[in-house]
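Some notes on the structure that comes next.
First the proteins, then the strands, lettered A, B, ... as listed; each starts at 1.
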2 protein chains.
Amino acid sequence: MNDIKKDNTEEKILVAAQKVFIEKGMDGARMQEIANEAGINKALLHYYFRTKQKLFEAIFKMVFRNILPNLMEMVYSDLPIETKLERFIEGYIDMLWKNPFVPTFILKEMNRDPQFLATTIQGSGIRPDEIIAMFKREMEAGNIRKMDPRDLLVNILSMSIFPIAAKPLLSIMFFDSNSAEYSTFISNRKKTVKEFILNSIKP
Amino acid sequence: MNDIKKDNTEEKILVAAQKVFIEKGMDGARMQEIANEAGINKALLHYYFRTKQKLFEAIFKMVFRNILPNLMEMVYSDLPIETKLERFIEGYIDMLWKNPFVPTFILKEMNRDPQFLATTIQGSGIRPDEIIAMFKREMEAGNIRKMDPRDLLVNILSMSIFPIAAKPLLSIMFFDSNSAEYSTFISNRKKTVKEFILNSIKP
DNA sequence: AAAAAGTTTAACCAAATGGTTAAATTAAAT
DNA sequence: ATTTAATTTAACCATTTGGTTAAACTTTTT
């Protein structure tokens with residue numbers, strides 16, 4: 001059967017590496033820090049993941065796979081579009097707010113290797129075409145106004161992701177760095193973003 | 001009078017450092033690369049800007065000062081709100097598209113030192129309160145529907161900035177990495193984002 | 001129990017990197 | 001023209017960092 005020790009250590013490494021990479025980025029992360037965080041030493045790290053690059057790619061894929069989970073539910077469920085959007089926006093903002101460094105991490109490291117990014121997306125289960133097609137159907141059925149469905153998707157993602165990625169900036173600009181106030185601001189956005197979008201796509 | 005040589009060299013350094021820092025970030029940038037890019041050697045770099053940190057801070061401030069230029073025009077001009085928004089969105093997306101690495105750079109490095117970020121914002125000429133107050137006036141005058149004015153501003157910034165910061169991802173998802181198609185997508189957004197917003201804030 | 005395979009560690013290495021220094025060259029002031 | 005100040009360079013240094021190695025310890029297999 002599967003070896004307990006091995007899985008355990010590999011798991012510990014992945015957790016530690018995820019934490020450090022997300023916080024510091026590929027360039028800022030140190031293998032030593034990851035080893036410390038995992039409670040092992042550096043040589044063992046290289047034993048499991050031969051190079052920093054390979055470890056980084058494993059983490060990037062992991063993080064990316066978790067970054068757009070409930071997006072495809074919009075396609076595969078059979079609810080009215082308003083409900084779909086409501087559920088996605090709410091769930092998505094909630095998820096991001098629990099992992100506030102993830103958006104910046106993805107944006108940061110996205111430019112590193114376009115080929116690697118492409119295969120990562122392909123292996124992630126996201127099917128942009130199907131989301132676009134779903135929006136198109138809703139437009140043709142007259143449930144929402146006609147527009148470029150890609151714009152609609154991008155606008156939803158923008159308004160959900162950006163305010164969390166730009167937290168340090170926005171929280172200074174609007175709330176004098178008061179973290180609690182920024183938290184309620186984001187929480188309220190689960191409602192206001194939904195309204196803003198529904199308002200704009202009324203047929 | 002001012003020394004030609006000095007100004008010249010300092011200017012060359014700033015241009016070179018801006019290019020390298022924006023592309024590689026603080027951690028990824030190398031002083032040697034900046035020196036090469038400026039056509040000087042490393043020691044001279046340290047002669048002008050004692051440390052990498054100081055040079056980085058100078059660049060960050062420079063870049064930040066240029067990142068939100070036409071934002072305050074919305075406050076200080078006397079046009080109808082629709083025109084204000086139209087001009088800002090158009091000008092802003094244009095400017096960002098010409099400097100596509102800037103948004104990611106700012107988002108990347110924003111988390112480094114909150115105190116430094118705060119003073120940089122204060123010295124940037126941006127007055128969030130005044131923008132908010134302007135939106136409030138428009139709401140009270142019945143020109144746009146009532147909502148949290150901060151949400152309105154954040155939504156505008158989100159839809160303008162995010163699609164450019166996330167270009168590598170979105171251009172793969174929607175256009176199979178075709179750069180020209182992504183370019184027209186962004187160009188079209190100058191119109192569609194404006195429509196999307198005006199649609200949503202109709203009183 | 002002995003052998004084999006898998007796991008862990010400390011010590012080490014070469015390359016890269018931010019930063020320094022002392023001397024040389026150039027420009028400005030007297 | 002000579003002194004003085006500013007500018008530029010090559011060589012150097014200490015530290016950090018990703019990565020290796022050989023040996024030791026554990027676990028599994030036979």
- Task: Measure from the side-chain heavy atoms of A:M31 and tell me the nearest of C:dG19, D:dG18, C:dT7.
- Result: D:dG18
- Query: For A:A35, which contact category applies under a 4.0 Å heavy-atom criterion: base, sugar-phosphate, or nothing?
  - Reply: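 Counting heavy atoms under 4.0 Å across all strands, no contact is made by A:A35.
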From [atom1] of [X] over to [atom2] of [N], roughly how many Å is that when rounded to an integer?
X	N	atom1	atom2	answer
A:F49	C:dT8	CZ	C1'	16 Å
B:Y47	D:dA5	OH	P	13 Å
B:L44	D:dT8	CG	C1'	6 Å
A:I13	C:dT9	CD1	C1'	14 Å

- Query: Below 4.5 Å, heavy atoms only, C-beta onward: do A:N36 and A:Q32 meet side chain to side chain?
  - Reply: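 A side-chain contact under 4.5 Å exists here.
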- Query: In terms of ring plane angle, is the pair A:F105 and A:F60 parallel, tilted or perpendicular, where the classes change at 30° and 60°?
  - Reply: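 Because their plane-to-plane angle lies in the 30° to 60° range, the rings of A:F105 and A:F60 count as tilted.
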- Any idea how A:F185 and A:F175 line up, ring-wise: parallel (<30°), tilted (30 to 60°), or perpendicular (>60°)? tilted
- Message: Under 3.5 Å, is there any donor-acceptor pair linking the side chain of B:K42 to the base of C:dG18?
- Response: yes
- Item | Which residue lies more 5' along DNA chain D, comparing B:N41 with A:T51 via nearest heavy atoms | B:N41
- Of B:E82, B:E138, B:K202, B:R137, the residue whose pairing with B:N143 passes side-chain hydrogen bond (donor to acceptor under 3.5 Å, both in side chains): B:E138
